[in-house]
Amino acid sequence: MVRTRFAPSPTGYLHIGGVRTALFCWLFARRHGGRFVLRIDDTDQQRNVEEALAPILHGLRWLGIDWDEGPEVGGPYGPYYQSQRADRYRAVAERLLADGLAYRDYATPEEIQAERKAVQQLKRPFIYSRRWMAETSQQQARFEAEGRQGVVRLKMPREGRLVVDDLVRGQVEFEWAQEQDHVIQRADGSCLYHLASVVDDHEFQITHVIRAEEHLSNTPRQVFIAQGLGYELPQYAHLPYVAEPGSRNKLSKRKLAKYLKNRDFAQRVEHGRKIAEAIGLKTDPEAFNPVIVDFYEQVGYLPDAIVNYLALLGWSLDDQTEHFTRQELLQSFSMERVNKAPASFDCQKLWAFQEHYMQQVPDDEKIRMVLPYLQKAGLAASQPPGEVEARVARIVRAAGDRIKTAGDVLDYADFFVPDDELPYDEKALQKRLRQPPGAVELLRKFQAQLAAADAYDAETLGKLLHDFVENEGIGIGQIIHAVRVAVTGKAVGFGLFDTLAILGKASCLARIERAIRQV
RNA sequence: GGCCCCGUCGUCUAGCCAGGUUAGGACACAGGCCUUUCAAGCCUGCAGCACGGGUUCAAAUCCCGUCGGGGUCACCA
């Protein structure tokens, strides 16, 4: 039975690279009919764990990455919080001590630091002298009499090699002598990550440790612990990390300002920011940042688009297939086809997936997705009760694939503002109403036609305008743009006849009237 | 600096292990078609094997070296 785990530390946000790792773990487990476990690595957490964990759990659920065991769902190997497993780690540390694989060490951090510096000046790799190592109780007593506090360190081998068989990178070799005597337990008895991680992976019966590449160099010390304890080693798979747009550096939420210099990146952030502002969300980089998964939910992206994009960031099936349903992903994912090199995060490509998946969403589903944005923007209230939904439905149909994220419905806010509050785009007004000679007169005439129309559906209005064009002997462009600007305030939008029909006669007449006064 | 990893269009990638392809696809970009503006759609184009040596009839692919990039070196995870 394959068992994988994703082990986030409660940081308060879900990093895009983190989810990619989680996705691969999830995909791999499910692909092999196994189980996906969520473990919380909070060995060093002072802050409120629940609060810092909530966005992470929420983000995973939003993307449909569900866990078989872990927080909120429990499971046979719990607890799944490392902070609740401290006694197990301590017991294991005792065993390591008893077996001579670890030792108590009484060096102060300053003393270690001094050794390190001295060795560095000789340009030699640092290996701790073990000068404050205490292997007997007499030695311990002596150091403690000096008022020293002991930590527990791993007693790493000083010769030989380790070969790690990595599912992604193949055989990776390490020299044992290069490894440090890492601290596994503090003086206060609390244990550190490496110990905890190895113990839990074993106790949770994790068969495949799938994690980011930055853990590759941690592997020897973990193997040392596992072997010392007689554990069966898991298979390792070290995924390349997700890199910055246009570089090979690790993607970081703190470098947003730098990424904004990338045109594509800036474009997507700007798109999202407008939506977020319209619905009253914070848009500072801590809260609103494309490196954090929340961003996409807030703007109204589709989980499927993100999952598909992320799956292809470091993995591919072949030279052709781009679009995968969950089912297809689950059937075709394999570790053999994971790339070794880091992949740059490209939000424009993610956007392309978003467009694609949005086009697949049925209208009624889109309507459901879009409504909350109008409500949060305070636009839904301006309509009589019950009429909002109907109007939204018509807009969604008319806009078609122009609505690329749920938040894009706000591009049609002008359908929800009162006629006498409609804002006009100054440039559009200039170009379509003020500048062209006779534009206002034509508009006036057309307004009269509209007023006389007895049916007010798109088809009738289309015919009406075409007849008008013919009777006046003008080009269609001479009137159509002017009407659009007059009724929506903008130069762009979906089909004009749909626009007029949705607005309704009274609004159209009032808006044209008001537009003429603006000229 | 030590150790480890990585290197195919601007980006994601296929091809590499089992040498022979006009080096394929996608995003982006440019141009065109369609058109009622904007999207969408369709067509076309641009663009890549980090470099240098070998081995071979033949190298993106195998070997060696160089260069470049990155990760990691905590009483963080």
Side-chain angles (χ1 to χ4, degrees), chain A residues 7-11 41-45 82 105 107-109 112-113 116 119-120 123-126 149 151-153 164 166 168-170 172-175 177-180 182-188 190-194 196-197 211-220 238 240-241 243 245-250 262-264 309 312-323 337 339-353 355 359 399-404 408 411 428 432 462 465-466 475-477 479-481 483-485 488 490-497:
Chain A
S9 157
T11 52
D41 282 12
D42 56 349
T43 50
D44 189 43
Q45 223 59 49
Q82 290 195 324
D105 182 64
T108 63
I112 293 283
Q113 204 39 49
R116 191 172 271 136
V119 163
Q120 259 167 11
K123 301 219 177 207
R124 300 233 154 221
F126 169 67
Q149 298 213 306
V151 299
V152 177
R153 283 182 189 277
V164 176
D166 191 278
V168 173
R169 329 198 88 88
V172 183
E173 295 193 28
F174 299 90
E175 202 91 42
Q178 299 282 344
E179 300 299 321
Q180 303 300 321
H182 199 260
V183 174
I184 54 171
Q185 185 174 24
R186 298 186 183 92
D188 67 3
S190 64
C191 291
L192 267 33
Y193 166 75
H194 293 289
S197 183
R211 56 181 16 169
E213 183 188 341
E214 52 260 42
H215 287 288
L216 184 56
S217 48
N218 294 151
T219 308
H238 287 94
Y241 55 88
S247 109
R248 289 277 115 121
N249 294 11
K250 201 160 68 167
N262 174 302
R263 188 181 55 101
D264 295 343
Y309 170 71
L312 257 16
L313 200 61
W315 173 84
S316 67
L317 176 64
D318 54 30
D319 59 340
Q320 296 286 317
T321 321
E322 293 278 332
H323 297 115
R337 294 199 59 85
N339 252 310
K340 291 186 178 75
S344 295
F345 180 71
D346 178 352
C347 54
Q348 206 67 257
K349 182 133 186 174
L350 199 182
W351 180 255
F353 280 99
E355 286 184 286
Q359 286 174 5
D401 49 27
R402 289 173 183 82
I403 296 180
K404 296 166 197 289
D408 286 344
D411 286 345
R432 299 303 188 186
L465 185 128
H466 283 290
I476 194 167
I479 181 66
I480 204 162
H481 301 300
V483 176
R484 179 188 301 285
V485 174
T488 67
K490 295 184 197 150
V492 300
F494 50 71
L496 181 69
F497 311 132

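Letters go in sequence order (proteins before strands), and every chain restarts at 1. Keep in mind that what you see is a predicted model, and the values were worked out from it rather than measured. Side-chain atoms are counted along with the backbone in the values below, which use heavy atoms only and exclude waters and symmetry mates.
For the side-chain contact (heavy atoms from CB on, under 4.5 Å) test, residues two or more places apart in sequence or in another chain that qualify with A:Arg116 are A:Ile112, A:Gln113, A:Gln120, A:Phe126. Scored by the ring pair (Phe, Tyr, Trp, His ring centres under 6.0 Å) test, A:His215 finds A:Tyr193 as partners (sequence neighbours excluded). In terms of the salt bridge (charged side-chain N to carboxylate O under 4.0 Å, His left out) criterion, A:Arg432 has no residue partners (sequence neighbours excluded). The side-chain contact (heavy atoms from CB on, under 4.5 Å) test applied to A:Asp264 returns A:Asn262, A:Gln267, A:Gln348, not counting sequence neighbours.
Residue A:Leu496 is in base contact, counting any heavy-atom pair closer than 4.0 Å across all strands shown. Note on A:Gln359: only backbone sugar-phosphate atoms sit closer than 4.0 angstrom, heavy atoms only; bases stay farther off. Nucleic acid contact for A:Asp401: base, since at least one base atom lies under 4.0 Å from a heavy atom of the residue. Within 4.0 Å of A:Gln120, counting heavy atoms only, lies no atom of the nucleic acid at all. At a threshold of 4.0 angstrom between heavy atoms, the contacts of A:Phe497 include nucleobase atoms, whether or not backbone atoms are also involved. The residue A:Lys490 sits apart from the nucleic acid: no heavy atom pair falls under 4.0 Å. Across all strands shown, A:His215 has heavy atoms under 4.0 Å from base atoms, whether or not it also approaches the sugar-phosphate. Within 4.0 Å (heavy atoms only), A:Ala177 reaches no atom of the nucleic acid at all. Residue-level contact check: A:Gly493 touches the bases, meaning some heavy atom is under 4.0 Å from a base atom.
Distance check on atom C1': B:A60 versus B:A18 gives 16 Å, rounded to whole Å. Using atom P as the reference point in both B:C12 and B:A59, the two lie 28 Å apart (nearest Å). For the P atom pair drawn from B:C49 and B:G7, the interatomic distance equals 16 Å after rounding to whole Å. The separation of B:A58 from B:G20, taken at their C1' atoms, amounts to 6 Å, rounded to a whole angstrom. Nucleotides B:U61 and B:G19 are separated by 6 Å at their C1' atoms, to the nearest Å. Here, B:G32 and B:G71 have their C1' atoms 46 Å apart, quoted to the whole Å.
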Notebook entry, point to check: Quick one: what's the B/S/- string for nucleotides 6-23 of chain B, heavy-atom cutoff under 4.0 Å, read 5' to 3'?
Noted result: SS---SBSSS--------
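B:C57 is paired with B:G20 under the criterion used here, namely a Watson-Crick or G-U wobble arrangement in which both key atom distances are under 3.5 Å.
Nucleotide B:A28 holds its C1' atom 12 Å from the CD atom of A:Glu355, rounded to whole Å. Between the CD atom of A:Gln320 and the C1' atom of B:C27 there is a distance of 15 Å, rounded to whole Å. Rounded to whole Å, atom P of B:A74 lies 7 Å from atom CD of A:Gln180. Across the protein-nucleic acid pair, A:Phe494 atom CZ and B:A39 atom C1' stand 12 Å apart, rounded to whole Å.
Map A:Phe174 and A:Val151 each onto its nearest nucleotide of RNA chain B; the residue landing nearer the 5' end is A:Phe174.
A:Arg116 has a side-chain polar atom (N or O) that falls below the 4.0 Å cut-off from OP1 or OP2 of B:A74.
Inter-residue side-chain proximity for A:His238 and A:Thr219 is flagged as met; some heavy-atom pair is nearer than 4.5 Å.
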All N/O pairs under 3.5 Å across the protein-nucleotides 45-47 of chain B interface:
none

